[in-house]
Amino acid sequence: MSVPAAFDYHPATSVDEAIALLQQYGDEAKLLAGGHSLLPTMKLRLAQPGHLIDLGRIGGLSYIREDGGVVAVGAMTRYVDIERSEVLKKHFALLPEGVAQIGDAQVRNRGTIGGSIAHSDPAADTPGIVLALKADIVAKGPNGVRTIKADDFFMDLFQTALQPDEVITEIRFPKPPVHTGSAYMKLANKASHYAVVGCAAVVTLDGNGTCTTASVVITGASVKPTRASAVEAGLVGKKLDEATIANAASHAADGLEVVSDIHGSQEYRAQMATVLARRVVARAAERA
Ligand SMILES: Cc1cc2nc3c(=O)[nH]c(=O)nc-3n(C[C@H](O)[C@H](O)[C@H](O)COP(=O)(O)OP(=O)(O)OC[C@H]3O[C@@H](n4cnc5c(N)ncnc54)[C@H](O)[C@@H]3O)c2cc1C
């Protein structure tokens with residue numbers, strides 16, 4: 001089936017109007033951002049919303065700006081703008097680096113950061129990167145604005161902490177201290193480029209080259225992007241030489257409920273998580 005079921009189209013002109021429409025139509029309504037996850041599911045009739053609320057005509061939701069110790073990215077900012085942002089390249093190499101690996105140019109020209117994290121596909125790239133960067137997700141609903149830490153946001157398969165009548169408006173990335181490096185790599189599905197397994201890492205070193213903080217996230221291998229706490233624990237307080245990184249990375253799948261499907265068995269994904277964690281942490285350390 002390549003044609004979606006019939007729906008009413010509502011071009012919202014403000015976030016408040018979008019929230020009011022979400023409240024009015026309840027379960028029947030869906031927000032539309034870049035449409036690159038929603039429209040395929042509608043065409044397959046896995047989703048049949050009766051009302052589409054388009055965020056694309058709301059001004060002021062697409063931006064990348066420095067705000068004191070934070071870089072704020074508007075929810076409707078497209079991948080292509082993230083990929084090209086000098087501010088993001090300077091502070092968070094893995095964000096433009098990861099986004100550049102998403103799908104193809106058409107997907108990156110339309111897909112938005114807010115849509116990606118709201119959708120929370122377990123094989124998507126952005127959710128794991130947002131988690132590794134310990135970003136804050138700003139959402140507006142009928143009761144006002146709230147900020148959700150990335151660590152509390154991704155809850156389960158396609159499930160986030162977002163309420164049905166909330167709209168993500170901004171993602172806030174805390175600027176890292178000096179001597180911080182980051183990297184992202186994935187084993188990509190050859191057709192879609194979604195991550196069969198991906199790893200995002202951020203490490204900070206002190207003046208002597210000792211790791212003071214580490215944030216390592218595995219994506220694609222499980223139902224949601226997951227912090228690799230055992231890898232992080234194996235890095236902090238140590239000099240990041242090859243043996244230390246390899247030893248820490250060998251714990252990449254610890255505690256992870258690794259999935260198995262036609263793209264990779266449980267064992268293969270667990271092994272790839274280890275391989276990618278080793279490479280990504282090494283690259284992040286080189287950049288620190
Ligand atoms: C061929 C193809 C290849 C792809 N390859 C990859 C890949 O390699 N890696 C990858 O990560 N992704 C990939 N994607 C998915 C792509 O990244 C999507 O664009 C993204 O997942 C969704 O963003 P969107 O702006 O298109 O959101 P939409 O599809 O418009 O919306 C997705 C969901 O989020 C909700 N939503 C949207 N915006 C908001 C908001 N501001 N607040 C609250 N809810 C909101 C919508 O209601 C909907 O439920 C691919 C897609 C295609 C079609």
Side-chain angles (χ1 to χ4, degrees), residues 12-15 18 31-37 54-121 124-140 145-151 153-154 160 162 166-178 180-184 186 193 198 200-202 204 215 217 219 225 284 287-288:
T13 54
S14 68
V15 172
L31 296 173
L32 174 67
H36 271 65
S37 288
D54 191 357
L55 300 175
R57 310 224 178 163
I58 303 176
L61 282 180
S62 173
Y63 54 84
I64 298 166
R65 58 179 171 239
E66 295 188 78
D67 181 7
V70 161
V71 177
V73 180
M76 288 294 287
T77 307
R78 290 166 198 239
Y79 296 134
V80 64
D81 296 317
I82 291 172
E83 197 180 333
R84 292 176 185 168
S85 162
E86 291 306 323
V87 173
L88 292 176
K89 280 184 201 163
K90 179 174 156 202
H91 294 293
F92 318 100
L94 86 167
L95 183 53
E97 176 176 81
V99 161
Q101 298 175 46
I102 291 176
D104 51 35
Q106 279 175 308
V107 178
R108 296 195 296 277
N109 280 337
R110 297 293 309 171
T112 67
I113 185 167
S116 175
I117 61 172
H119 189 60
S120 191
D121 190 308
D125 300 290
T126 328
I129 292 170
V130 163
L131 182 55
L133 288 169
K134 300 188 176 171
D136 286 329
I137 292 129
V138 182
K140 191 171 188 192
V145 175
R146 69 180 179 125
T147 299
I148 309 159
K149 292 202 170 307
D151 270 290
F153 188 79
F154 302 103
T160 69
L162 210 60
E166 284 183 315
V167 178
I168 299 174
T169 54
E170 187 174 89
I171 298 92
R172 294 176 70 77
F173 297 93
K175 283 186 194 166
V178 288
T180 296
S182 64
Y184 179 75
K186 68 175 169 180
H193 292 191
V202 184
T204 303
S215 177
V217 170
T219 197
R287 291 173 171 174

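In this chain, residues are counted from 1 in sequence order.
- Here the NE2-CD distance, from His36 to Gln106, works out to 6.5 Å after rounding to the nearest 0.5 Å.
- None of Leu94, Ile113, Ile117, Val217 except one satisfies the side-chain contact (heavy atoms from CB on, under 4.5 Å) rule with Ile129; the exception is Leu94.
- Of the possible polar contacts, none joining the Lys134 side chain to the Asp151 backbone as a donor-acceptor pair under 3.5 Å is found.
- Within the model, atoms CD1 of Ile102 and OG1 of Thr126 stand 3.5 Å from one another, a figure rounded to the nearest 0.5 Å.
- Listed here is the closest heavy atom pair of Arg108 and Gly103: NH1-O, 3.6 Å.
- The distance from the CD1 atom of Ile137 to the CD atom of Glu170 is 11.5 Å, given to the nearest 0.5 Å.
- The neighbour count for Arg146 CZ, taken as heavy atoms of other residues, nucleotides or ligands under 6.0 Å away, is above 12.
- In this structure, the salt bridge (Lys or Arg N to Asp or Glu O under 4.0 Å) partners of Asp136, at least two apart in sequence or on a different chain, are Lys149.
- Taken from CD1 in Ile58 to OG1 in Thr13, the straight-line distance is 7.0 Å, to the nearest 0.5 Å.
- Listed here is the closest heavy atom pair of Ala18 and Val167: CB-CG2, 4.4 Å.
- Leu61 has its side chain within reach of Thr169: a pair of non-hydrogen atoms, C-beta onward, lies under 4.5 Å apart.
- Using modelled atom types, no side-chain atom of Lys186 and backbone atom of Gly98 make a donor-acceptor pair closer than 3.5 Å.
- By the salt bridge (Lys or Arg N to Asp or Glu O under 4.0 Å) test, Arg287 is found to be paired with Glu97, residues two or more places apart in sequence or in another chain being considered.
- Between Leu162 and Ala139 the shortest heavy-atom distance is CD1-CB, 3.7 Å.
- Pairing each heavy atom of Gly198 with each of Tyr184, the nearest pair is CA-OH, 4.1 Å.
- Across all their heavy atoms, Phe153 and Ile168 have their closest contact at CZ-CD1, 4.0 Å.
- Residue pairs satisfying the ring-ring contact (aromatic ring centres under 6.0 Å, His included) criterion with at least one member in residues 59-99, sequence neighbours excluded, are listed as follows: Phe92-Phe173.
- Considering only residues two or more places apart in sequence or on other chains, Lys89 meets the salt bridge (Lys or Arg N to Asp or Glu O under 4.0 Å) condition with Glu86.
- With sequence neighbours excluded, the residues forming a side-chain contact (heavy atoms from CB on, under 4.5 Å) with Thr180 are Pro176, Pro177, Val202, Thr204, listed by chain and number.
- Atom CZ of Arg172 and atom CG of Leu133 lie 14.5 Å apart (nearest 0.5 Å).
- In terms of heavy-atom proximity, Pro127 sits nearest to Pro225 at CB-CG, 3.8 Å.
- In terms of the salt bridge (Lys or Arg N to Asp or Glu O under 4.0 Å) criterion, Arg110 has no residue partners (sequence neighbours excluded).
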